[in-house]
There are 2 protein chains.
Amino acid sequence: MVRGRISRLSVRDVRFPTSLEGHGSDAMHTDPDYSAAYVILETDAEDGLKGYGLTFTLGKGTEVVVCAVNALAHHVLNKDLRDIIGDFRGFYRQLTSDGQLRWIGPEKGVVHLATAAVLNAVWDLWAKQEGKPLWKLLVDMDPRTLLSCIDFRYITDVLTEEEAYEILQKGQVGKKEREGQMLMQGYPAYTTSCAWLGYSDDKLRQLCTEALKDGWTRFKVKVGADLQDDIRRCRLIRNMIGPEKTLMMDANQRWDVPEAVQWMAKLAEFKPLWIEEPTSPDDILGHATIAKALVPLGIGVATGEQCHNRVIFKQLLQAKALQFLQIDSCRLGSVNENLSVLLMAKKFEIPVCPHAGGVGLCELVQHLIIFDFISVSASLKNRMCEYVDHLHEHFRYPVVIKKASYMPPQDAGYSTEMKEESVKKHQYPDGEVWKKLLAA
Amino acid sequence: MVRGRISRLSVRDVRFPTSLEGHGSDAMHTDPDYSAAYVILETDAEDGLKGYGLTFTLGKGTEVVVCAVNALAHHVLNKDLRDIIGDFRGFYRQLTSDGQLRWIGPEKGVVHLATAAVLNAVWDLWAKQEGKPLWKLLVDMDPRTLLSCIDFRYITDVLTEEEAYEILQKGQVGKKEREGQMLMQGYPAYTTSCAWLGYSDDKLRQLCTEALKDGWTRFKVKVGADLQDDIRRCRLIRNMIGPEKTLMMDANQRWDVPEAVQWMAKLAEFKPLWIEEPTSPDDILGHATIAKALVPLGIGVATGEQCHNRVIFKQLLQAKALQFLQIDSCRLGSVNENLSVLLMAKKFEIPVCPHAGGVGLCELVQHLIIFDFISVSASLKNRMCEYVDHLHEHFRYPVVIKKASYMPPQDAGYSTEMKEESVKKHQYPDGEVWKKLLAA
């Protein structure tokens, strides 16, 4: 079915000046310019199909990820797509375990973000050649083939390939009905658009009013920079949404472990479902300590958007360090590594609530979570996917939100393709938008 | 005392074709070309002193680290050295917590290696301006000043600044004597030069014979690729060195957790002191499981050369996941972050046995471990520093080994400066050495 030899890999540095209006601002990232290292794969097949992939960044440093994509390119170029797909586990390991390159990772930071961009493009190309949206490609895939995409190295102590197979086999039961359910109702979402840290109370009030009108029932607020500000903002939102709707809080790694517990004790009165990223994303034991301390307050711990690989997720699950697991489509090694995390989460019965927003993250991760519901978790309990209302207009196949839910994409591919005119305008530093900004 | 504004930062990609002869080869890195991203800082002070810093890499990907150094440069350029030193904690955090750049880390992988290269150059410059070798600058430094270089973020749950102060205060007792002891006898070392995985048995035998003749008493052997090979090689070395001398083993992350335990059960008869990097450097809980399982065999666990920051070391200590802690001068955020790890190790009473070798790692890390002995640990029990006999000829102030011990450097600085002719020859891809190799 798949066809063609990879004849070209190009990568571009695309940045949106979101910092100008405080979009995306939080306690640790005060001025993000939502950006992407954007990869395009071409083949020598006659169909003319291209694979598009990206990884999300915050502006500065995107050029470093671009550099890393170029460092990986020799593993991809001139490869037959059949050989890549036919031994996807081997190909994944070739990228992540290059004997020289792995020193500057391994499987973390810049090289792993670059790996994600490249592999996201491979998955987009595969899905396009099969004529299916990525979620449907995964749902229809034979479990053995699906598992052949996963590198189980370093996780066999909690999940063997055979256990994963059993999970997928069980997931076959009722699959058709769940697919129907998704196509009818979509996957539940929550909104982070109302309460970025850089927004004024007025703006917050206005956005919250609009969101309520649009039918949103789950809201996330940024906290962590100043306790009195947090109390005021949380009270404002809780009063607006009422006691029944769901409120989540996100500290973006601002606290040390004892500080996180103390601070959340002060915010508990606003009844948050979870506190997200209370401390360093590397601190598995710290998250476990916080999670334990917050049980009496009825607050769960959520983390994942900066957890750099499956080994970290494995330990967060082992240590009971989280109650909500937040995968990211561009931080981990693409679909391949995310599949392993979805399967581990299922084994530990921890709900997956993906991180999204940024640029393109909503477009990509909806495929993963819809697959998760249909083929793995078979549950919507305590589950929802983040949604942020930014930058979708730059994508060729933007997300469709109906009644605060993600509607399953219908177009073939991974929804990764950006509009060429948007890319051109926002290329850094020579696109029209940046030329103007940099001259000013 | 310190002076000058940073007027220039340059960075070069320097590679040595070590893979041609199998030097440095192990179970995961089969063909390393020992390399460095090499930073030079210049100031406008009249003394003409420069700061040299590097981070170690394995060849491919060095250009990515170079790119990251350039992305950090704006934080350094035009800064007054007095302001940097005067608030070194703040400067460290500026580099590691840049609101946009931290997304592609934070404090891990490429950006953190780049941070290390830059800060190593700052420390070299500082020590040179003070006219002292770095270890002596640290030993003579007032404890409060020393602590002001450390970012305690994310580690206060195990080590507060006050606890660290008490450790340093206690370390003042007997300091003079220990400095004298170091100057007389040096810091004990072990050798990894004999038994790289790519070496033939004959070469191994020959190098081992020479090392014994030179007075070495502690030897490390690479294992993990093939059990039968390992058994043969370990038997060969143990027979050559006899039952009394120390043997360590290093798997370079090759195994999953259960595999590590099984494999080491088979190698236990050769009485290794430790197994190094049995699994993923990110797997704190995995190391703890392995460590526990190996207690009955009398084998300790060592790790650290790829532990990407103090948060990982904190947890390894909390989880009793290691019996030997291996700091690295170029993986962590320079002296600043290594200081925090030395202090945490002291609190947990875990011996520090630095990782060295590569290119420049011996030159740098000797300063840290000599300081550790004089001012922090005050003990040599179960302690030794790795030594590898490669590439020292390219350094202006190469290590001095006497009777299998590191003799304290006497020249001012951090021993980071390379010979300009070596750098020129080995610059990638346009240095003489690479031009020839790439043409062939």
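Each chain gets a letter, A, B and so on, in the order the sequences are listed, and its residues count up from 1.
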Do you know which of Tyr154(B), Phe152(B), Trp255(B) has the most heavy-atom pairs under 4.5 Å to chain A?
Tyr154(B)

Do His287(A) and Pro278(A) come within less than 4.5 Å of each other through their side chains, counting heavy atoms only?
yes

If you count heavy-atom pairs within less than 4.5 Å of chain A, which of Asp31(B), Asp26(B), Thr55(B) leads?
Asp31(B)

Heavy-atom distance under 4.5 Å to chain B: side chain of Ile312(A), backbone, both or neither?
side chain

Checking Leu285(A) against chain B: side chain, backbone, both or neither under 4.5 Å from a heavy atom?
both

Most heavy-atom pairs under 4.5 angstrom with chain B, which of Asp282(A), Asp157(A), Val257(A), Val110(A)?
Asp282(A)

In terms of heavy-atom proximity below 4.5 Å to chain B, should Glu259(A) be classed as side chain, backbone, both, or neither?
neither

Most contact-rich option vs chain A, by heavy-atom pairs under 4.5 angstrom, among Thr156(B), Thr279(B), Ile284(B), Ile104(B), is Ile104(B)

Most chain A-contacting option - heavy-atom pairs closer than 4.5 Å, from Arg153(B), Lys314(B), Glu305(B):
Arg153(B)

Can you tell me which portion of Asp98(A) sits under 4.5 Å from chain B's heavy atoms? Options are side chain, backbone, both or neither.
side chain

Polar side chain donor-acceptor pair, Asn309(A) to His112(A), under 3.5 angstrom
no

Are Glu337(B) and Tyr92(B) close enough that a side-chain donor and a side-chain acceptor fall under 3.5 Å?
yes

Hey, does the Lys NZ or Arg CZ of Arg15(B) hover above the aromatic six-ring of Tyr428(B), less than 6.0 Å from the centre and inside 45° of the axis?
yes

Side-chain touch Glu63(B)/Cys67(A), heavy atoms, less than 4.5 angstrom:
yes

Could you have a look at Val66(A), Leu72(A), Asp33(A) and say which one has the most heavy-atom pairs with chain B under 4.5 angstrom?
Asp33(A)

Checking Arg254(A) against chain B: side chain, backbone, both or neither under 4.5 Å from a heavy atom?
both

Counting only non-hydrogen atoms closer than 4.5 Å, does Ile155(A) touch chain B with its backbone (N, CA, C, O), its side chain (CB onward), both, or neither?
backbone

Scan side-chain atoms only and decide if His308(A) and Arg331(A) contain a donor-acceptor pair under the 3.5 Å cut-off.
no

Establish, from distance only, whether the side-chain atoms of Gln253(A) and Gln306(A) form a donor-acceptor pair under 3.5 Å.
yes

Among Ser19(A), Ser35(A), Ala114(A), Pro106(A), which residue forms the greatest number of heavy-atom pairs with chain B at distances under 4.5 Å?
Pro106(A)

Lys292(A) atom NZ: more than 12 heavy-atom contacts under 6.0 Å:
no

Measure up the Tyr34(A) and Phe56(A) rings against each other and bin them: parallel (under 30°), tilted (30 to 60°), perpendicular (over 60°).
perpendicular

